[in-house]
Amino acid sequence: MSEMKKIKNLKEFSTSADRFEGANLLCPGCAHSIIVREVLNATNDDLVLASSTGCLEVCTAVYPYTSWDASWIHIGFENSSTAVAGAEAMYNALKTKGRLKQPDRTPKFVAFGGDGSSYDIGFQWISGCMERNHNMMYIVLDNEVYANTGGQRSSSTPIGASATTSPAGTISYGEQKNKKDMLGIMGAHNIPYAAQVSPNKWKDMVKKIQKGFATEGAVFINAVSPCTTEWKFDPKDTMHLADLSTDSLVFPLYEIIEGHELNITYRPKNIVPVEEYLAAQGRFKHLFKDQYKHVISEWQTRVDENWEYLQRREAARV
Amino acid sequence: MAKQGWDEFEIGSLLRSFDGKIDKCPAHTPQRDRSYSENNSHVASVADWRLIKPVYNKDYCIDCQFCWVYCPDVSIISRDKKMIGIDMDHCKGCGICVEVCPTNPKSLLMFPEQADEETELASWPTKDEEEE
Ligand SMILES: Cc1ncc(C[n+]2csc(CCOP(=O)(O)OP(=O)(O)O)c2C)c(N)n1
Ligand code: SF4
Ligand code: SF4
Ligand code: SF4
Ligand SMILES: [Mg+2]
């Protein structure tokens, strides 16, 4: 077992030597890179990384540049999960045969994918990796839209969001389908560890990522990633949006251990109305017309019910 | 072209981050001590993306490191738990660091790209009583 990096407080965290580089081509204020930095800086171990096609992959590997100071596999839209699982399987095979050149090193295996890549196109591959219980971590950068190709809806896009393939207008309030409960589905694989994280709660994030790295077996992480371009807010407000997402409980922070032990890891002191979260984003602007206001109150009801559900699961250990 | 084995790569299919041999994990080497290769975006600049830029006033800074952790572009330079300044080659001018800075007045503020830093520092706003 490797030693866990000590990160007591933010000052200590800030002594980390980043392995993710600037002058990548992500939009100013993109949350993907804030999440990636928090994840990578949670460990000092070697990393074997992969990204599925999406903003993160495309913007951090524009020839002739790479923004990764670690082994990083650039692969298809659907299969960063299996690429990393393959690397992990190979590592184990070499280890068993005694052919590792530096057996004292304890690399961590991490795959990143967007919600389009994870909730939709790469879904069965992730499910397979989790079911086979590879010793790896899969992280979704959940911006609730296919951002890299111009904002098409995914099965993570919530009801009422205007996306390019579910536009709001005079006859539609935008997306009609509810967001897929990916964490619930992954938890139901009975994997050792599944959790939701948000970049504003860096300490909660680091704790969960370190817990994930210390876990033997498959780990699934869903990270909310406010997207200035597709959610339509000013780039300076990325962290404000992350705050609103966790404090309105639209993105509650919790973990599921072995499929049944659910722990809520953040209880906002002042719960923000869902309406405030929605009002901060251009993609929900139309919901404030009289005609569509019912979507907001229905949403609040869903959030309240979900919060109740999570608390009951937490108490019942199911 | 010679036939290649399954584990041999085409030249050009790998972008190397560093020059020379890497014995220890880069997590143990601060960015300033690394020998970046010409293929690392660290050697590139996005300074020309900016219309507005952050200016840092160390007089009010409490070294909380919020700007460091939330900067998407690894552009807040921290050393030994102290905020040192901004990496203007990699800063894209998003303004997040200013938003998350908790001091009053703020220790970071945004100005037009062409603004003169000395002038702005000399006329820095004083404590804003409106804010809690
Ligand atoms: C098999 C396949 N289909 C479609 C594409 C085109 N494509 C590239 S990125 C992308 C959207 C990615 O969306 P998401 O996974 O949510 O990541 P984001 O860009 O939002 O971070 C699409 C559709 C592709 N590269 N491969
Ligand atoms: S479109 Fe969104 S996810 Fe993609 S780089 Fe821009 S801010 Fe980031
Ligand atoms: S303006 Fe944005 S990119 Fe520049 S230092 Fe501040 S947070 Fe980083
Ligand atoms: S956020 Fe403000 S006070 Fe905190 S370290 Fe940065 S400049 Fe200093
Ligand atoms: Mg997406």
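Treat the numbers as computed from the prediction; the structure is a model and nothing was measured. Below, each value reflects all heavy atoms present in this structure, side chains not excepted, and no hydrogens, waters or symmetry copies.
For A:Trp72, no part lies under 4.5 angstrom from a heavy atom of chain B. Contacts of B:Asp63 with chain A are made by both backbone and side-chain atoms, with heavy-atom separations under 4.5 Å. Heavy-atom distances place no part of B:Cys91 under 4.5 Å from chain A, backbone and side chain included. Contacts between A:Leu25 and chain B at a heavy-atom distance below 4.5 Å involve backbone atoms as well as side-chain atoms. Residue A:Ile35: no heavy atom, backbone or side chain, is found under 4.5 Å from chain B. Only the side chain of B:Val100 comes within less than 4.5 Å of a heavy atom of chain A; its backbone N, CA, C and O stay farther away. Proximity to chain B (any heavy atom under 4.5 Å) is restricted, for A:Thr15, to the side chain, taken from C-beta onward. Contacts of A:Asp45 with chain B are made by backbone atoms alone, with heavy-atom separations under 4.5 Å and no side-chain atom involved. For a residue to count as touching a neighbouring chain, one of its non-hydrogen atoms must lie under 4.5 Å from one of that chain's; by this rule A:Pro64 touches chain B with backbone and side chain alike. Of the two parts of A:Met90, only the side chain, counted from C-beta on, holds a non-hydrogen atom closer than 4.5 Å to a non-hydrogen atom of chain B. Contacts between B:Phe18 and chain A at a heavy-atom distance below 4.5 Å involve the side chain alone, from C-beta outward.
Salt bridge B:Arg50/B:Asp48: absent, no basic N to carboxylate O contact under 4.0 Å. Using a cutoff of 4.0 Å between basic side-chain nitrogens and carboxylate oxygens, B:Glu117 and B:Lys53 are not scored as salt-bridged.
Enclosure of atom NZ in A:Lys207 is not indicated, since only 12 or fewer non-hydrogen atoms of other residues, nucleotides or ligands lie within 6.0 angstrom. Applying the 6.0 Å contact sphere to CG of A:Asn270 captures no more than 12 heavy atoms from other residues, nucleotides or ligands. Atom CE of B:Met88 is surrounded by more than 12 heavy atoms from other residues, nucleotides or ligands within 6.0 Å. Within a 6.0 Å sphere centred on NE2 of A:His74, heavy atoms belonging to other residues, nucleotides or ligands number more than 12.
Each of A:Thr228, A:Asp46, A:Asp69 has some count of heavy-atom pairs under 4.5 Å with chain B, and the biggest count is that of A:Asp69. Among B:Ser75, B:Gly93, B:Cys71, the residue with the largest count of heavy-atom pairs under 4.5 Å with chain A is B:Cys71. Contacts with chain A were tallied for B:Lys92, B:Lys82, B:Arg16, B:His90; B:Lys92 has the most, counting heavy-atom pairs under 4.5 Å.
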(request) Would you check, one step at a time, whether the test side-chain hydrogen bond (donor to acceptor under 3.5 Å, both in side chains) holds for A:Asp204 with A:Thr265? (result) CA-CA 7 Å; A:Asp204 179 75; A:Thr265 59; 2.9 Å; yes
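With contacts defined as side-chain heavy-atom distances shorter than 4.5 Å, the pair A:Phe109/A:Asn135 does not qualify.
Scanning residues 27-46 of chain B against chain A with a 4.5 Å non-hydrogen threshold yields B:Ala27, B:His28, B:Thr29, B:Pro30, B:Gln31, B:Arg34, B:Tyr36, B:Glu38, B:Asn39, B:Asn40, B:Ser41, B:His42, B:Val43, B:Ala44, B:Ser45, B:Val46, sorted by number.
Between A:Trp68 and A:Phe20, the ring planes lie perpendicular to each other; the angle is over 60°, past the 30° to 60° tilted range.
Without hydrogens or angle criteria, A:Ser245 side chain to A:Val250 main chain gives no donor-acceptor distance under 3.5 Å.
Cation-pi geometry between A:Arg37 and B:Trp68 is satisfied (NZ or CZ under 6.0 Å from the ring centre, within 45° of the ring normal).
Listed by chain and residue number, A:Glu12 satisfy the side chain to side chain contact (heavy atoms under 4.5 Å, CB included) test with A:Lys8 (two or more places apart in sequence, or in another chain).
A side-chain N or O of A:Ser52 and one of A:Ser80 form a donor-acceptor pair less than 3.5 Å apart.
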